[in-house]
Amino acid sequence: MIDLIKVMSSERFFEVTEYLKLNPNVNASSISSNLNIHIITVQRYLEVLEKYGFVSSREKRGIGRPSKTYTFLGGKFTLDIDELLKEYSLRSQKIREKENSTISYNYDIDNESIKQVIIGGRKGTKVELEDKSGKFLWMLPPPDSDGESIEKLASQSGMAVLDAVKFVRDMIEIGVMEVCTDE
Amino acid sequence: MNEDNIFFIIFFVLFMLILQILLRYFLSHRKLHIKKVFSQSFKQILIMIPILLVFMIFFSHNDWFSLIFTAVMFFLVIASFIYNFVKKRDSMKRYIYFILVYIPLFMMNFFQDNSAVTTILAFIPLPMAILYFVFLYRYPFYSQYWVEGSIDEILSQVEKGCGYSPKPITVFKSTGKRFITGCRGLKIMFREEKTIVRMSRKYHKACGSPNLKEFAERITEKIIERYRGEADE
């Protein structure tokens, strides 16, 4: 829900949504060129809209790489402020790296950032990280340490707290991080 | 292979063994246990003997291979120094000694027919090598042997049986210096406001799986104390 609230704070989000409503079955590239919005931004908006069921997508196969086209569906969502506050309250939780022999990293030691999380060996799944997430993960304390609060790591890496909470949840799910429990 | 070559190999191996033992023991400031010094030196010599035999058999019949091999090794070493300097990971200061030892040895390949010149070139590195060892003794945090010895001391103080992390650990501590040190399996990068410590999985296991956070903090403190002159030997 945080990701949806974040994208809705931008007026450009509504420009894209309105365009999509008026022009069904269109791809990210044509939205970007018609509205003069960077394609990465458009793709992010479309991903979030699709995640919450406001748009549907279809893969169009033709010459070259298959492209995804989108159609507006509409709908509504319920903002659960209790749930949001519950997420926000996790910021003081201490986290650390979880020992996991199936996880390895590609990192940039000069920029002090993790570029990729690799799950399951060299030919395993690769999770690309953005700059701030990469710096967040770089600063994560190692296994069996006292850990560090999400809020502090977010501040050190320049991430917004709610983004950091979401990132931590995702990383816990794939086995990179764990919450420190009092021993 | 004739008798002279065999005597040369025996003499060279004995010389290298004694040199290795002395270097490890003194450059570690006697931190490394003498048993460990002997054991590590012997292992290194055992690896060196077959390599030396191969070189003598193969390269003695072909001067060009010897020249190419030496040139490649020389440029790889110099390139790594320059890379670290350009990336601002380290200063060139301590590499100057190294380079001044390598250059005369490399130049020997071009004067193989002139024994007077090769003899002079063979002796030039000697004072540079001695100066380099004095430099390492004076600033032991650059020496892998001192670092190894310090690690042995730290390992007796930290928690063991802990988890491993394949990513580097950052220790936020004002260091005031920028250089790289470490030993086999451990790399420690000093930056002005922090240190970055990276340990290999194999070395972590060999050390008894120490708590990495604690270990990184202690080794950083130990090295800082040494170069600020706050620590005893």
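In what follows, chains are A, B, ... by sequence order, proteins preceding strands, each numbered from 1. Values below: all heavy atoms of this structure, side chains included; hydrogens, waters and symmetry mates excluded.
Residue-environment remark: NZ (A/K115) exceeds the threshold of 12 foreign heavy atoms within 6.0 Å. Atom OH of A/Y19 has more than 12 heavy atoms from other residues, nucleotides or ligands within 6.0 Å. Heavy atoms from other residues, nucleotides or ligands lying under 6.0 Å from CZ of A/R58 number 12 at most. Residue-environment remark: CD1 (A/I81) stays at or below the threshold of 12 foreign heavy atoms within 6.0 Å. No more than 12 heavy atoms of other residues, nucleotides or ligands shown are found within 6.0 angstrom of NZ on A/K21. Around atom CG of A/D146, no more than 12 heavy atoms belonging to other residues, nucleotides or ligands sit under 6.0 Å away. The number of heavy-atom neighbours closer than 6.0 Å to CG of A/N36, taken from other residues, nucleotides and ligands shown, is 12 or below. At most 12 non-hydrogen atoms from other residues, nucleotides or ligands lie less than 6.0 angstrom from NZ of A/K6.
Of the two parts of A/I109, the backbone and the side chain both hold a non-hydrogen atom closer than 4.5 Å to a non-hydrogen atom of chain B.
Side-chain contact check for A/P143 versus B/Y164: every heavy-atom pair is 4.5 Å or farther apart. For the pair A/R96 and B/S165, the minimum side-chain heavy-atom distance is 4.5 Å or more.
Atom CE of A/M139 sits about 13.0 Å away from atom CD1 of B/I169, to the nearest 0.5 Å. Note that CG of B/L212 and OG of A/S145 are 9.0 Å apart. Values are rounded to the nearest 0.5 Å.
Residues of residues 188-197 of chain B that come closer than 4.5 Å to chain A, counting heavy atoms only, are B/M189, B/R191, B/K194, B/I196, ordered by residue number.
Using a distance-only test at 3.5 Å, with no hydrogens or angles considered, no donor-acceptor pair links the side chain of B/K167 to the main chain of A/Y105. With B/K213 contributing its side chain and A/D144 its backbone, the two residues share no donor-acceptor pair below 3.5 Å.
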